[in-house]
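Lettering follows sequence order; numbering is per chain, from 1.
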There are 2 protein chains.
Amino acid sequence: MKKIEKQNKFHEVALKLIHEQGFKATTMRDIAKAMNFEVANVYNYIESKQALLENFLFDIAEDFNNGLKTILVSSDSSTKKLRRIIELYCHLPAQKPYQIGLLIAEWRNLKDEKLQKFKDEKKWHEDQIIQLIQDGIDAGELRKCNPYIITKTMLSSFNWLYTEFTLRGEEIDLPELEKQISEFIMDGLKA
Amino acid sequence: MKKIEKQNKFHEVALKLIHEQGFKATTMRDIAKAMNFEVANVYNYIESKQALLENFLFDIAEDFNNGLKTILVSSDSSTKKLRRIIELYCHLPAQKPYQIGLLIAEWRNLKDEKLQKFKDEKKWHEDQIIQLIQDGIDAGELRKCNPYIITKTMLSSFNWLYTEFTLRGEEIDLPELEKQISEFIMDGLKA
DNA sequence: GTCTATAATTCGATAGAC
DNA sequence: GTCTATCGAATTATAGAC
């Protein structure tokens with residue numbers, strides 16, 4: 001196995017273990033065992049346990065932020081932008097379920113500046129969607145509602161998806177899933 | 001301070017710490033320090049760290065299950081039952097936000113039979129609501145949809161509430177919050 | 001109930017040979 | 001890159017005096 005392949009294998013194994021057991025519960029020895037080598041070798045692939053978590057989290061957070069930015073700068077209507085955001089929130093768990101699992105469940109294991117940076121990015125992300133819904137209301141596209149409550153409720157509603165994809169990934173009809181969720185949310189918002 | 005009061009104080013302190021730091025990250029020393037005594041004394045109040053978690057989780061799980069059962073055995077329509085379930089899922093986080101936090105974030109720290117029992121109860125709970133939505137569709141009260149996807153999405157959408165109540169509990173207008181969420185969900189489901 | 005002391009284990013990380 | 005060996009720290013839990 002080539003060096004680069006083993007690097008990828010390492011990250012894949014570590015990601016899955018942390019997803020299954022949690023960050024705190026996953027030891028460097030667990031990862032080493034799953035890689036079929038000794039504990040000391042773990043540090044040929046990463047700086048520290050903390051750095052491992054940080055890399056996973058900020059990688060996937062960037063995917064979300066980039067996806068959102070692309071949508072926001074488009075010239076679509078608020079309604080259309082909202083549909084595309086729902087699409088983003090369905091597709092990313094389908095593509096990277098384990099990373100999303102960490103994003104949702106393990107971010108509080110970050111420390112100090114990294115934790116603050118994560119919280120700041122998350123708030124920025126939410127604020128963009130709150131503003132988008134407010135714009136939709138002002139434009140008469142969406143019914144009157146509290147954009148803060150609706151944004152929080154909507155974003156939270158996607159958080160079961162990563163588990164679904166890790167458990168039943170092959171069986172899931174993604175377009176159908178997306179259609180069901182999109183109809184449910186948009187019907188709850190349309191003017 | 002009387003014995004019973006100190007018991008309550010202990011559980012209150014432990015619950016808040018586990019909520020804030022996570023179960024794995026919270027040590028018996030953390031709890032002892034917050035109680036202003038030494039580590040050994042912790043075991044005057046609980047059997048073990050694991051038992052502490054189990055008590056918290058199954059207590060609040062019982063609240064949910066009892067609440068759901070009361071609603072299900074009533075003679076209300078499917079729509080009315082669904083509204084009452086939404087009400088339950090808004091009120092419990094308002095009343096016991098820290099317990100709900102553990103229910104959502106820490107259940108996977110359970111072990112063996114306890115973990116299995118928890119998963120079984122959770123599945124029963126979900127299955128009841130899936131069936132309720134199916135009944136609502138069959139009765140023509142709700143529009144045609146995939147009850148499994150909608151149930152998962154709906155139940156997940158409440159999971160931000162406990163955080164909101166721990167951070168801004170006093171400022172929150174509960175009836176308004178409930179109205180916003182109920183309208184959002186019911187509009188997304190009505191026939 | 002509270003304390004001191006400690007057992008028994010586990011963990012993240014490093015040193016140095018090959 | 002992989003190994004053996006080990007350090008130093010932290011953790012759950014118990015024993016026994018007061």
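Ring orientation note: the planes of A:Trp107 and A:Phe118 are close to parallel, at an angle under 30° on the 30°/60° scale.
A salt bridge links A:Arg143 to B:Asp187: at least one charged side-chain nitrogen sits closer than 4.0 Å to a carboxylate oxygen. Using a 4.0 Å cut-off between charged nitrogen and carboxylate oxygen, B:Lys49 and B:Glu106 do not count as a salt-bridge pair.
In this structure, the CD atom of A:Glu47 is 10 Å from the P atom of C:dT14, given to the nearest Å. The NZ-P distance, from B:Lys49 to D:dT14, rounds to 15 Å in whole Å. One can place CE of A:Met35 at 11 Å from P of D:dC3, the figure rounded to the nearest angstrom. Spacing between atom CE of A:Met28 and atom P of C:dA13 amounts to 7 Å, rounded to whole angstrom units. Following rounding to the nearest Å, A:Asp30 (CG) and C:dT10 (C1') show an atom-to-atom distance of 11 Å. Between A:Asn109 atom CG and C:dG12 atom C1' there is a gap of 15 Å when expressed in whole angstrom units. Atom P of nucleotide D:dT2 and atom CD1 of A:Ile46 are separated by 14 Å, given to the nearest angstrom. For A:Tyr43 and D:dC3, the OH to P distance is 15 Å, given to the nearest whole Å.
Within 4.0 Å (heavy atoms only), A:Phe37 reaches sugar-phosphate atoms of the nucleic acid but no base atom. Within 4.0 Å (heavy atoms only), A:Tyr45 reaches sugar-phosphate atoms of the nucleic acid but no base atom.
Of the candidate nucleotides D:dT2, C:dA13, C:dG1, C:dG1 has the atom lying nearest to any side-chain atom of B:Asn44. Taking every side-chain heavy atom of A:Glu38 into account, D:dC3 is the closest of D:dA15, D:dC3, C:dC11.
Between A:Lys24 and the phosphate of C:dG12, there is no side-chain N or O to OP1/OP2 separation shorter than 4.0 Å.
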List the atom pairs, with distances to 0.1 Å, where a side-chain N or O of residues 79-87 of chain B and a protein N or O form a donor-acceptor pair under 3.5 Å, not counting sequence neighbours.
unit_1: B:Thr79; atom_1: OG1; unit_2: B:Glu141; atom_2: OE1; d: 2.5
unit_1: B:Lys81; atom_1: NZ; unit_2: B:Leu72; atom_2: O; d: 3.2
unit_1: B:Arg84; atom_1: NH1; unit_2: B:Asp76; atom_2: OD2; d: 2.7

Run the numbers on B:Lys179 and B:Glu183 for salt bridge (charged side-chain N to carboxylate O under 4.0 Å, His left out), then give the verdict. CA-CA 6 Å; B:Lys179 178 170 169 286; B:Glu183 280 182 4; 3.4 Å; yes
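Heavy-atom nearest nucleotides on DNA chain D were determined for A:Asn41 and for A:Arg29, and the one closer to the 5' end corresponds to A:Asn41.
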